[in-house]
Amino acid sequence: MSKTADIRLPDPSRWKALAFIALAQLMVVLDATIVNIALPHAQTALGISDANKQWVITAYALAFGGLLLFGGRIADLWGRKRTFVVGLIGFALASALGGAAQNQGMLFGSRALQGVFGALLAPAALSLLAVMFTDAKERAKAFGIYGAIAGGGGAVGLILGGFLTQTLNWRWTFFVNIPFAIIAAAGAYFVIREPSGSRNRASLDIPGVVLSALGLVSLVYGFTRAESAGWSDGLTIGMFVASGVLLLSFALTESRVKSPLLPLRVVLDRNRGGVYLSLGLAVIAMFGLFLFLTYYLQVVRGYSPIRTGFAFLPMIAGMITGSTQIGARLMTRVPARKLMGPGFLVAAVGMLLLTQLEIGSSYAGLILPAQLLLGLGMGTAFMPAMSLATHGVEPRDSGVASAMVNTSQQVGGAIGTALLNTIAASAATAYASSHAALGAKNPELLKLQSMVHGFTGAIWWAVGILVVASAIAVTFINAGRPSVGPVGGGSGSGDTEGVEDEFKIPVVAH
């Protein structure tokens, strides 16, 4: 039986809402890099050992990565606005606890709490955009802004982290989150009006929550441990085996329960599956770039933290341009794959330039143009990816669909940090062994040359990963350009696999 679908007028306050959603997203992305800058100072102040310092990063990554799917489901159940505000308040309180930490236990605990509330906040923010912006052109602009912040915020974090650490102290890298969170939460409470009838009030899938959380925690910790203990370490291998068993059990459970945590229709659609996979691969390359360029600029070239942060500004400018001026303008005119595929290839060209790094490489002649290409390519690709990841899903599934975007990025980041850092370390060791004669004459020069050789060796892998991401985007994604006018969740499952114009949502509900 069919009936004419109810087409709601757009929320008049949606652009104000976008400002507060973007502010919250900026806070989360900033936090990921700002803490890295402050870590050496926090380690000294609190007497954290070298063996335990990784837990400042790992505690957050495990909680955030493990609970993202749960956070997305809670957003669908509670309502996205409520989940968004709760996530912001909790993140602010956890940040205050971290800034006031008197010992390593307090600091590690605060980072885990930040991860818990971040797992509520991140999918709620993205799914709010998905349900509030229903016009194709407006949706493109909104996701362009969101994508630019998601891509460039990390580099802004390097600048802000360096400034706060050098001019004040490391505690302010936590305290700075509080005003961001208060402003975003107050604005969201008064401005955001979530569309009615879009909640998923089905009972919570407890087995799915437990299996997904344990499986993702095991996966993220496995890669994190591999970076420090090696790939052949017994616990590292055990974590990967446990992750495989748990995630396979999770998939089997989701295919059988009445109200799954992650409906398989969300990930089995070829377009969304292609987005999750290609985006995860691209983030592997991006995390490697931030890691290696930060070390290159500070250790090899002697840049201060603040100067290093400013050195990343061309990439931010490229991402903003790619997202808002290329991706957003072309998204309603060409299919997503024709933006994502070339976008990742342009980024690969930028990464290819960085394989030519040497100790004395010119910033203006090599690093700057490489960053511009990387930023333009990633910005152009990320914007349609963010939008397509939640397109065509039922409104009641938008939270978990958004959570899958964050999950692919989080897992990609963990893999990128561990895999590329391991490759770089192995290449550096091999170079040092084969140039032992130079080490006898000038050990410091050999150390730097080995480090740069390791970076370029790993960057070659990043180039290949971006090429694969481009191939996946072109092969898997077959959605046509979005139609001009209202868009939203489709009828039925919303999984119109193989339909060339998937963005054209029918106005007949079954």
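Quick caveat, the model's predicted, so the values are computed rather than measured. For reference, positions follow the sequence shown, starting with 1.
- Although no hydrogens or angles enter the test, the distance criterion places a donor-acceptor pair under 3.5 Å between the side chain of Tyr296 and the main chain of Glu358.
- We find the OG-CZ distance between Ser323 and Arg329 to be 13.0 Å, quoted to the nearest 0.5 Å.
- With sequence neighbours excluded, no residue satisfies side-chain hydrogen bond (donor to acceptor under 3.5 Å, both in side chains) with Asp205.
- Considering only heavy atoms from C-beta on, Phe382 stays 4.5 Å or farther from Met340 through its side chain.
- Put simply, the side chain of Leu261 reaches to within 4.5 Å of the side chain of Phe250, judged on heavy atoms.
- Minimum interatomic distance between Leu69 and Met404 (heavy atoms only, all atoms of both residues): CD2-SD, 3.7 Å.
- With hydrogens and angles disregarded, no donor-acceptor distance shorter than 3.5 Å links the side chain of Ser470 to the backbone of Leu466.
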**OP:** Begin with the C-alpha distance, continue with both residues' side-chain angles, and end with the deciding distance and a verdict on side chain to side chain contact (heavy atoms under 4.5 Å, CB included) for Val86 and Thr83.
**Re:** CA-CA 5 Å; Val86 169; Thr83 306; 5.8 Å; no
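- Between Val346 and Leu373, the closest heavy-atom pair is CG1-O, 3.5 Å.
- Side-chain contact check for Asn271 versus Phe476: every heavy-atom pair is 4.5 Å or farther apart.
- Relative orientation of the Tyr303 and Tyr363 rings is tilted, given thresholds of 30° and 60° on the angle between their planes.
- No more than 12 heavy-atom neighbours from other residues, nucleotides or ligands sit within 6.0 angstrom of OH on Tyr295.
- Here the straight-line distance linking atom CG of Leu262 with atom CZ of Arg73 works out to 11.0 Å at 0.5 Å rounding.
- Contact check for Leu88 versus Met27: side-chain heavy atoms found under the 4.5 Å cut-off.
- Taking all atoms of both residues into account, the shortest heavy-atom contact from Gly66 to Leu216 is CA-CB, 3.9 Å.
- Taking both residues in full, the closest heavy atoms of Phe84 and Ala125 are given as CE1-CB, 3.7 Å, listed atom of the first, atom of the second, then distance.
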**OP:** Show your reasoning for whether side chain to side chain contact (heavy atoms under 4.5 Å, CB included) applies to Met378 and Phe344.
**Re:** CA-CA 6 Å; Met378 288 295 193; Phe344 288 139; 4.2 Å; yes
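- Of the options Leu297, Leu354, Ile459, a side chain to side chain contact (heavy atoms under 4.5 Å, CB included) to Phe292 is made by Ile459 and by none of the others.
- Between Ile192 and Ile21, the closest side-chain pair of non-hydrogen atoms falls below 4.5 Å.
- Taking OG of Ser243 as the start and CG of Leu248 as the end, the distance is 10.5 Å to the nearest 0.5 Å.
- Put simply, CD on Gln371 and CE on Met319 are 9.5 Å apart, with the number rounded to the nearest 0.5 Å.
- To the nearest 0.5 Å, the span separating CZ on Arg82 from CD1 on Ile74 amounts to 11.0 Å.
- The minimum heavy-atom distance linking Ser361 with Arg301 is given by the pair O-NH1, 2.5 Å.
- Counting only heavy atoms from C-beta outward, the side chains of Ile367 and Leu357 approach each other to under 4.5 Å.
- Across every non-hydrogen atom of Gly72 and Pro123, the tightest pair is N-CG, 3.7 Å.
- Judged by distance alone, the side chain of Thr456 and the main-chain N or O of His453 form a donor-acceptor pair under 3.5 Å.
- Side-chain contact between Asn177 and Gln114: present, with at least one pair of heavy atoms (C-beta onward) separated by less than 4.5 Å.
- At least one donor-acceptor pair under 3.5 Å links the side chain of Thr355 to the backbone N or O of Leu352.
- Tyr60 pairs by the ring-ring contact (aromatic ring centres under 6.0 Å, His included) definition with Phe64, not counting sequence neighbours.
- Taking the six-membered ring for Trp, Trp231 and Phe223 have ring centres closer than 6.0 Å.
- The shortest distance between side-chain heavy atoms of Phe180 and Val176 falls below 4.5 Å.
- Here CD1 of Ile316 is found 5.0 Å from CG of Leu313. Values are rounded to the nearest 0.5 Å.
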